[in-house]
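A quick note: this is a predicted structure, and the numbers were derived from the prediction, not measured. Side chains included, hydrogens not; waters and symmetry mates left out as well; all remaining heavy atoms used. By convention here, the first residue in the shown sequence is residue 1. Just follow the structure's listing: the first ligand is 1, and inside any ligand the first atom is 1.
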Amino acid sequence: MAIKHFLQFSDFTLDEFEYVIERARIIKCKFKNYEPYHPLEDRTLVMVFEKNSTRTRLSFEAGMHQLGGAAIYLNTRDSQLGRGEPVEDAAQVMSRMCDIIMIRTFGQEIIDRFAANSRVPVINGLTNEHHPCQVLADVFTYIEQRGSIAGKTVAWIGDANNMLYSWLQAAEVFGFHVNVSTPKGYEIDPALVSPGNARYTLLANPSDACVGAHLVTTDVWTSMGYEEENAARLTAFDGWIVDGAKMQRAQPDALFMHCLPAHRGEEVAAEVIDGPQSVVWDEAENRLHVQKALLEYLVLGKAA
Ligand code: CP
Ligand code: NVA
């Protein structure tokens, strides 16, 4: 039987997401009630980080422990991956010693090659092109706060990066719309969007993109791996800050999300991220709960 991976948001069907989201709700309840839940006892997660992380490492590592299993952290600096061991060989070896693997790396082709050579499920913990675990947490957070996301409008203000591509895939699965506003020169790469995706609209003006939105979201202007472009990006993204004036154009009860880490005064104003419409701390916490549900589903299948 083919192994199930989570390499992009589009790897799961709506039915699978509905299952994982319901499990996340139940698993979160257990956590809040200090109820032990150890379905992954004696199971091991290997986490490979080729880029920095706070939330992803913490949520996967804590989550695996809370599910009764163990998590092992590897990075490029002190593993053989940093010395040129082929990805295919690393996948063969690692997947003989653990039950599931999470990878944060650069190009999507690296994780695709890894998964093709793995005996166990592989989860994308962020690549240059996708960040599906974060968007899963964001969709869960929206549903938790406001109910169904189907038919709603999400405003994406900023860079056409990994988060946006995962949002566009989520829009297709869940049936919502994304208003996208990116500065000139930083537009969507059509090769990274499925040809038939009719769930988004491009708007030149970021304020226009916020009109009527139920959720306004953004991310850093310079993602990991693009640091040398930082100065040029600071100039190009001038005006793409999510501030109070832009939030005013959204629905009165619109939420604000940011995957974090954030730069106040660049992509978001302090009045917004620290204001009443912001749910960024719930959003960060929900990484833990949705990823526990994801680990349970990928290792055990439909358990309940
Ligand atoms: N949002 C997110 O993935 O955060 P980290 O880079 O800290 O893991
Ligand atoms: N787009 C950002 C997300 C960080 C969690 C990056 O790739 O650096």
Side-chain angles (χ1 to χ4, degrees), residues 6-9 45-64 71 73-77 101-111 123-142 154 156-170 178 180-183 186-189 192 215 217-230 232-234 236-237 240-242 256-264 266-268 273 278-292 294-295:
F6 190 51
L7 305 179
Q8 306 190 21
F9 205 91
L45 164 71
V46 168
M47 307 183 294
V48 180
F49 283 91
E50 301 210 86
K51 291 177 177 171
N52 291 16
S53 171
T54 297
R55 280 145 286 266
T56 303
R57 178 180 177 180
L58 191 54
S59 52
F60 270 108
E61 194 164 333
M64 195 62 189
Y73 170 80
L74 296 177
N75 64 34
T76 315
R77 207 172 44 252
I101 297 170
M102 182 245 93
I103 305 183
R104 168 167 287 195
T105 188
F106 292 88
Q108 184 73 15
E109 52 88 28
I110 299 172
I111 201 167
I123 298 173
N124 182 346
L126 182 147
T127 55
N128 292 347
E129 293 86 354
H130 300 282
H131 198 2
C133 292
Q134 181 68 55
V135 172
L136 176 57
D138 294 3
V139 168
F140 178 79
T141 305
Y142 186 88
V154 174
W156 176 268
I157 309 301
D159 191 22
N161 66 12
N162 42 16
M163 281 295 299
L164 174 57
Y165 293 118
S166 290
W167 270 115
L168 295 181
Q169 291 190 349
V178 188
V180 179
S181 183
T182 54
Y186 297 90
E187 295 95 349
I188 286 176
D189 175 357
L192 293 176
L215 166 62
T217 187
T218 185
D219 187 11
V220 290
W221 291 343
T222 305
S223 286
M224 292 181 280
Y226 298 84
E227 288 79 5
E228 73 284 356
E229 298 176 13
N230 195 41
R233 283 170 174 267
L234 279 176
F237 283 75
W240 268 261
I241 186 171
V242 177
F256 172 77
M257 290 190 198
H258 188 310
C259 66
L260 305 177
H263 299 76
R264 288 171 177 76
E266 290 186 15
E267 74 274 8
V268 61
I273 193 167
S278 172
V279 291
V280 295
W281 312 129
D282 291 319
E283 183 189 358
E285 180 193 320
N286 282 335
R287 291 288 300 278
L288 173 71
H289 310 302
V290 298
Q291 288 164 195
K292 284 167 75 177
L294 183 64
L295 288 165

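- Remark: Ser278 pairs with no residue by the side-chain hydrogen bond (donor to acceptor under 3.5 Å, both in side chains) rule, at least two apart or across chains.
- For the residue pair Thr141 and Asp282, no side-chain donor N or O sits within less than 3.5 Å of a side-chain acceptor on the partner.
- For Ser166 (side chain) and Phe9 (main-chain N/O), no donor-acceptor pair under 3.5 Å exists by modelled atom type.
- Within 4.0 Å of ligand 1, heavy atoms belong to protein residues Ser53, Thr54, Arg55, Thr56, Arg104, His131, Gln134, Cys259, Leu260, Arg287.
- Between the side chains of Glu267 and Thr218, not a single donor N or O lies within less than 3.5 Å of an accepting N or O.
- The residue Asn128 has no part lying near ligand 2, judged by heavy-atom distances below 4.0 Å.
- Closest heavy-atom contact between Phe60 and Cys133: CZ-SG, 3.9 Å.
- The protein heavy-atom contact nearest to atom 7 (O) of ligand 2 is Asn162 ND2, 2.8 Å.
- For a threshold of 3.5 Å applied to N or O pairs, the pair formed by Thr222 and ligand 2 contains no separation below that value.
- Judged by distance alone, the side chain of Glu129 and the main-chain N or O of Gln108 form a donor-acceptor pair under 3.5 Å.
- Of all atoms in ligand 2, numbered sequentially from 1 with element shown, those under 4.0 Å from a heavy atom of Leu126 are 3 (C), 4 (C), 5 (C), 7 (O).
- Residue Cys259 comes nearest to Asp219 through the heavy atom pair SG-OD1, 3.4 Å, listed as atom of the first residue, atom of the second, then distance.
- Closest protein heavy atom to atom 1 (N) of ligand 2: Asp219 OD2, 2.6 Å.
- Shortest non-hydrogen contact noted between Asn124 and Leu126 is OD1-N, 2.6 Å.
- Those atoms of ligand 2 that come under 4.0 Å of a heavy atom in Met224, given as number and element, are 6 (C), 7 (O), 8 (O).
- Side-chain contact annotation: Thr76 with Glu50, donor-acceptor N/O pair under 3.5 Å present.
- At a 4.0 Å heavy-atom cut-off, ligand 2 does not touch Thr56 at all.
- A distance-only check finds a donor-acceptor pair linking the side chain of Glu283 to the backbone of His258 [under 3.5 Å].
- Within the structure, the closest approach of Leu260 to ligand 2 falls below 4.0 Å when heavy atoms are considered.
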